[in-house]
Amino acid sequence: HAAGWLGALCFATAMMEGCFTPKQYVEQADAEAYGIISEKWDPKLGDKVDCTLEDPDAPKAPPVTGRVSLARAVAVATKRNRGYRRQKELLYSRALVLTLERHRFARRWLATSGGDYKRDPDDDGESVGGAAALAVNQALADGAQIGVSIAMNWLEFLAGDSGSSLTTVLGASVTQPLLRGFGRKVVQEGLTQAERATSYQIRSSNRFRKTLVGSIVTAYFGIRQALDRGENDRRNYENLLASQRRVEMMADTGRVPRFQASEVRQSVLQSQDRYNRSREAYTSLLDQFKVRLALPADAEITLDGDELKALETRGVAEPKVVLASAVAAGLKLR
């Protein structure tokens with residue numbers, strides 16, 4: 001009977017101590033942290049977005065090259081942008097701290113077991129013994145600590161005296177602070193701060209994401225407009241260049257004054273300078289856009305021109321916002 005009780009306790013201890021691998025502990029922490037984020041997500045912030053951190057063991061995404069649509073640019077930015085990744089890491093760490101604070105008020109189980117074998121060479125006496133203990137602790141919101149434990153010691157002689165013994169000890173304790181550390185507000189201060197910090201970081205991360213997406217959209221169409229301006233400047237330069245050749249031929253035959261050819265040549269030089277500055281502006285904006293997307297500087301990408309055409313087709317309606325209502329909404333939702 002004693003061996004049965006001891007075996008059951010040892011089995012429970014082994015299960016509690018060895019049922020999780022390090023990877024499973026990580027998965028459990030992730031599940032708790034992301035569960036808290038889902039729990040605290042405010043519907044006023046909009047649809048919940050993916051806040052999971054990138055798995056370091058996951059295969060790297062293929063390089064971004066070729067034509068990039070607006071939707072793909074936003075997806076790449078929210079996945080690779082260093083500032084947004086930092087916000088998600090902060091959010092995860094806040095949620096992880098909250099799991100620790102909540103764990104302080106959860107039931108905590110503790111199980112231990114052990115055994116020993118002894119032999120006395122003088123009288124050929126042999127004995128085998130075992131011990132196991134199971135305890136549970138619970139912290140209450142007012143600072144009280146409740147603990148219950150049961151311990152079993154078992155000993156059996158294998159030679160000589162064939163007797164055996166079994167000792168069971170049941171203990172319980174209640175600790176209630178009366179001065180320092182007393183009261184719900186004091187005891188739950190860490191939990192309250194962790195709850196608030198998580199909620200604040202959810203709002204900060206979501207606002208950062210919205211600002212990032214807005215800047216990506218603005219930069220995307222700004223680059224397309226810069227490219228269109230460059231194309232217009234190129235066509236204007238080529239037309240003036242053709243006109244210069246025609247005027248110079250007419251000036252050589254005396255059909256127009258020579259100074260007109262000089263004026264056209266000056267216009268060609270000015271047009272060429274505008275075209276060169278347009279190309280430099282486009283290249284600079286595109287390089288800055290790559291930095292926003294966390295792409296290498298030598299990434300060969302182009303932006304889809306159909307996005308701007310689609311925007312022009314749909315039209316952009318002016319938002320009808322009154323200043324007073326905008327300020328009130330900002331103070332309420334920020």
Side-chain angles (χ1 to χ4, degrees), residues 61-87 207-253 255-319 321:
V64 179
T65 57
R67 178 171 292 188
V68 178
S69 65
L70 178 59
R72 190 183 183 198
V74 171
V76 171
T78 53
K79 183 176 180 60
R80 299 195 179 198
N81 182 269
R82 295 177 180 86
Y84 185 52
R85 290 173 66 177
R86 173 61 176 165
Q87 289 294 320
R207 185 169 186 274
F208 186 94
R209 179 182 180 277
K210 289 183 177 181
T211 304
L212 173 64
V213 172
S215 67
I216 292 298
V217 173
T218 302
Y220 190 95
F221 288 118
I223 294 172
R224 282 301 315 179
Q225 290 176 337
L227 181 61
D228 290 343
R229 285 194 297 268
E231 287 297 313
N232 292 335
D233 291 338
R234 181 185 62 81
R235 286 192 291 266
N236 184 51
Y237 167 67
E238 291 176 350
N239 292 334
L240 286 175
L241 193 61
S243 177
Q244 177 189 4
R245 297 191 189 99
R246 183 170 58 255
V247 171
E248 287 179 347
M249 292 175 62
M250 296 173 65
D252 291 339
T253 58
R255 297 174 60 183
V256 296
R258 177 61 61 180
F259 73 88
Q260 289 188 5
S262 300
E263 291 178 351
V264 173
R265 188 180 303 110
Q266 183 67 25
S267 298
V268 169
L269 294 176
Q270 292 175 352
S271 177
Q272 184 181 20
D273 180 63
R274 284 194 301 270
Y275 174 47
N276 291 334
R277 284 190 281 112
S278 297
R279 288 192 304 175
E280 292 176 357
Y282 168 75
T283 302
S284 177
L285 290 174
L286 189 60
D287 288 341
Q288 295 175 18
F289 192 69
K290 294 176 185 177
V291 173
R292 288 176 181 268
L293 301 185
L295 298 179
D298 58 351
E300 297 292 338
I301 63 171
T302 58
L303 306 188
D304 192 352
D306 295 336
E307 297 284 357
L308 186 58
K309 295 178 182 178
L311 181 65
E312 294 173 348
T313 302
R314 290 194 303 266
V316 180
E318 290 286 343
V321 180

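Being a predicted model, the structure only gives us computed values, none of them experimental.
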Return the OG1 to CD1 distance between Thr211 and Ile216, rounded to the nearest 0.5 Å. 11.5 Å

Listed partners of Arg86 passing side-chain hydrogen bond (donor to acceptor under 3.5 Å, both in side chains), at least two apart: none

When rounded to the nearest 0.5 angstrom, what distance separates CD in Glu300 from CG in Leu286? 9.0 Å

Could you give the distance from CG (Asp306) to CZ (Arg67), rounded to the nearest 0.5 Å? 6.5 Å

Taking the side chain as C-beta and beyond, is there a heavy-atom pair between Leu70 and Asp304 under 4.5 Å? no

Atom CG in Leu295, atom CG in Asp287: separation rounded to 0.5 Å? 11.0 Å

Smallest separation among heavy atoms of Leu285 and Ile223, with atom names: O-CD1, 3.6 Å

Could you report the tightest heavy-atom contact between Pro257 and Ala251, atom names first, then the distance? O-CB, 4.3 Å

Donor-acceptor contact below 3.5 Å, side chain Ser284 vs main chain Glu280: no

Please check if atom CE in Met250 has more than 12 non-hydrogen atoms from other residues, nucleotides or ligands closer than 6.0 Å. yes

Using a 6.0 Å distance limit plus a 45 degree cone around the ring axis, check whether Arg224 lies over the aromatic ring of Tyr220. no

Donor-acceptor pairs under 3.5 angstrom involving side-chain atoms of residues 72-81: please list them, not counting sequence neighbours.
{"residue": "Thr78", "atom": "OG1", "partner": "Val74", "partner atom": "O", "Å": "3.0"}
{"residue": "Thr78", "atom": "OG1", "partner": "Ala75", "partner atom": "O", "Å": "3.1"}
{"residue": "Arg80", "atom": "NH2", "partner": "Pro62", "partner atom": "O", "Å": "3.4"}
{"residue": "Asn81", "atom": "OD1", "partner": "Gly83", "partner atom": "N", "Å": "3.0"}
{"residue": "Asn81", "atom": "OD1", "partner": "Tyr84", "partner atom": "N", "Å": "3.0"}
{"residue": "Asn81", "atom": "ND2", "partner": "Arg292", "partner atom": "O", "Å": "2.9"}

According to the salt bridge (Lys or Arg N to Asp or Glu O under 4.0 Å) rule, which pairs have a member within residues 236-252, sequence neighbours left out? Arg234-Glu238, Glu248-Arg265, Asp252-Arg258

Arg277 vs Arg274 side-chain heavy atoms within contact, under 4.5 Å: yes

Could you report the tightest heavy-atom contact between Ser271 and Leu240, atom names first, then the distance? CB-CD1, 3.5 Å

Regarding Arg229 and Asn232, is there a side-chain donor-to-acceptor distance under 3.5 Å anywhere? no

Tell me whether Asp273 contacts the main-chain N or O of Leu269 through its side chain, where contact means a donor paired with an acceptor under 3.5 Å. no

To the nearest 0.5 Å, how far apart are CG in Asn236 and CG in Leu241? 11.0 Å

Atom pair NZ/CZ of Lys210 and Arg207 - distance to nearest 0.5 Å: 10.0 Å

